[in-house]
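Only a predicted model underlies this, so the values are computations on that prediction, with no experimental measurement involved. We number each residue from 1, following the sequence as shown. Values reported hereafter were calculated over all heavy atoms of this structure, with side chains retained and with hydrogens, waters and symmetry mates removed.
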Amino acid sequence: MPLDEEVKPQERRFVRHSRVVKRLAREPTFAFPLVRNWLLALWATKGGGFYGLGYVVTLVTLEAISFEQDAVQGASSLSGAEGFVVSQAFQYVTRFGVDSIMNGVRAAVWPAYLFDWLGPPGIAAFVVGGMVFERVVRPVVEARFPELAAARAARMKAKQEKRDRKRATRAKAEAGSGGVTEPAAGRSDDGTSGPDG
């Protein structure tokens with residue numbers, strides 16, 4: 001690295017968040033693009049598809065319910081709003097509360113909620129929803145949010161690279177053994193175990 005290049009220190013989470021809060025205080029309308037970008041980034045990390053959409057919707061719903069329950073509990077307790085603010089600040093400092101971690105796990109298995117809610121027709125709803133999403137919704141969504149299309153393309157490229165590496169490793173191993181693979185230990189060539197068959 002050249003000496004004349006200055007290395008900018010990475011901004012810490014608290015500093016970044018305090019800057020965002022100050023901007024939100026000056027420009028409340030900044031909240032909408034901030035939330036939009038966060039939701040899109042979350043959706044993209046989950047693949048940007050039907051499953052990812054279900055994950056985001058489930059997580060937002062569970063977090064809203066959790067936040068509402070915390071607010072109601074804070075309002076009904078003796079400490080009231082102060083206790084609520086302190087608990088939310090503590091969760092921020094520790095990054096996640098137990099509820100947030102559990103909500104993330106619950107959101108990851110959102111199809112199970114669909115099956116539980118609808119019963120056997122939930123399977124059909126899931127399959128039909130996925131097909132409709134792929135054929136109708138995905139083109140519209142990816143045209144509107146190109147970052148989702150880019151995330152899907154990057155994911156597909158990474159999968160293809162992984163397949164190519166596995167194939168190359170397999171081919172290298174086969175070339176090293178002369179193309180003949182050994183039967184598993186304790187198995188004969190006909191697939192039976194041992195000399196007794």
Side-chain angles (χ1 to χ4, degrees), residues 1 5-68 88-89 91-115 117 122-168:
M1 182 157 95
E5 254 184 61
E6 288 187 35
V7 177
K8 185 179 178 183
Q10 187 177 11
E11 186 177 51
R12 300 241 184 228
R13 182 172 60 104
F14 183 76
V15 173
R16 183 178 63 248
H17 290 187
S18 62
R19 184 176 41 79
V20 168
V21 168
K22 287 176 186 176
R23 183 168 178 192
L24 284 171
R26 285 190 318 267
E27 306 172 51
T29 57
F30 178 64
F32 297 111
L34 186 68
V35 170
R36 174 194 175 275
N37 292 341
W38 174 73
L39 290 173
L40 285 174
L42 183 61
W43 188 3
T45 62
K46 299 301 175 192
F50 181 61
Y51 171 81
L53 178 62
Y55 178 89
V56 169
V57 169
T58 305
L59 183 66
V60 168
T61 302
L62 291 171
E63 284 292 323
I65 290 169
S66 179
F67 185 78
E68 183 220 0
Q88 294 302 311
Q91 284 187 18
Y92 168 75
V93 170
T94 59
R95 223 176 212 198
F96 288 108
V98 173
D99 289 342
S100 292
I101 293 170
M102 291 305 298
N103 288 341
V105 170
R106 288 181 188 120
V109 295
W110 71 266
Y113 288 109
L114 184 66
F115 304 148
W117 178 45
I123 295 170
F126 182 74
V127 171
V128 169
M131 289 178 6
V132 167
F133 183 87
E134 287 300 319
R135 288 183 175 47
V136 178
V137 178
R138 181 183 294 278
V140 174
V141 168
E142 288 185 350
R144 175 77 173 101
F145 306 112
E147 54 265 46
L148 292 176
R152 184 167 70 108
R155 190 179 75 250
M156 291 173 70
K157 180 181 177 188
K159 280 183 180 181
Q160 186 60 45
E161 288 172 352
K162 184 176 180 180
R163 279 189 214 114
D164 292 344
R165 282 193 306 270
K166 282 184 177 181
R167 286 184 187 130

Heavy-atom side-chain proximity of Val57 to Trp110 below 4.5 angstrom: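 Side chain of Val57 against side chain of Trp110, heavy atoms only: no contact under 4.5 Å found.
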Taking the side chain as everything from C-beta on, heavy atoms only, tell me whether Trp38 gets closer than 4.5 Å to Leu42. yes
Please output the side-chain donor-acceptor pairs of residues 142-158 that fall under 3.5 Å, not counting sequence neighbours, one pair per line with the distance.
{"unit_1": "Glu142", "atom_1": "OE1", "unit_2": "Arg152", "atom_2": "NH2", "d": "3.2"}
{"unit_1": "Glu142", "atom_1": "OE2", "unit_2": "Arg138", "atom_2": "NH1", "d": "3.0"}
{"unit_1": "Glu142", "atom_1": "OE2", "unit_2": "Arg152", "atom_2": "NE", "d": "2.8"}
{"unit_1": "Arg155", "atom_1": "NH1", "unit_2": "Gly47", "atom_2": "O", "d": "2.5"}

For Ser66 and Leu62, indicate whether the former's side chain and the latter's backbone hold a donor-acceptor pair under 3.5 Å.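 Side chain of Ser66 to backbone of Leu62: no pair is present.
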How long is the span from the [atom1] atom in [X] to the [atom2] atom in [Y], to the nearest 0.5 Å?
X      : Y      : atom1 : atom2 : value
Leu34  : Thr29  : CG    : OG1   : 11.5 Å
Thr45  : Leu40  : OG1   : CG    : 11.0 Å
Arg163 : Gln160 : CZ    : CD    : 5.0 Å
Thr58  : Tyr51  : OG1   : OH    : 8.5 Å

Distance-minimising heavy-atom pair for Glu134 and Pro139: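 Scanning both residues, the minimum pair turns out to be O-CD, 3.8 Å.
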Taking the inter-plane angle between the rings of Phe126 and Phe115 on a 0 to 90° scale, is it parallel (under 30°), tilted (30 to 60°) or perpendicular (over 60°)?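 The arrangement is perpendicular - the two ring planes meet at more than 60°.
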Sort and list the pairs that fulfil salt bridge (charged side-chain N to carboxylate O under 4.0 Å, His left out) and have at least one residue in residues 38-58, not counting sequence neighbours.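 Qualifying pairs, neighbours excluded: none.
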Go through the steps for Thr61 and Tyr113 under the test side chain to side chain contact (heavy atoms under 4.5 Å, CB included), then give the verdict. CA-CA 13 Å; Thr61 302; Tyr113 288 109; over 6 Å; no
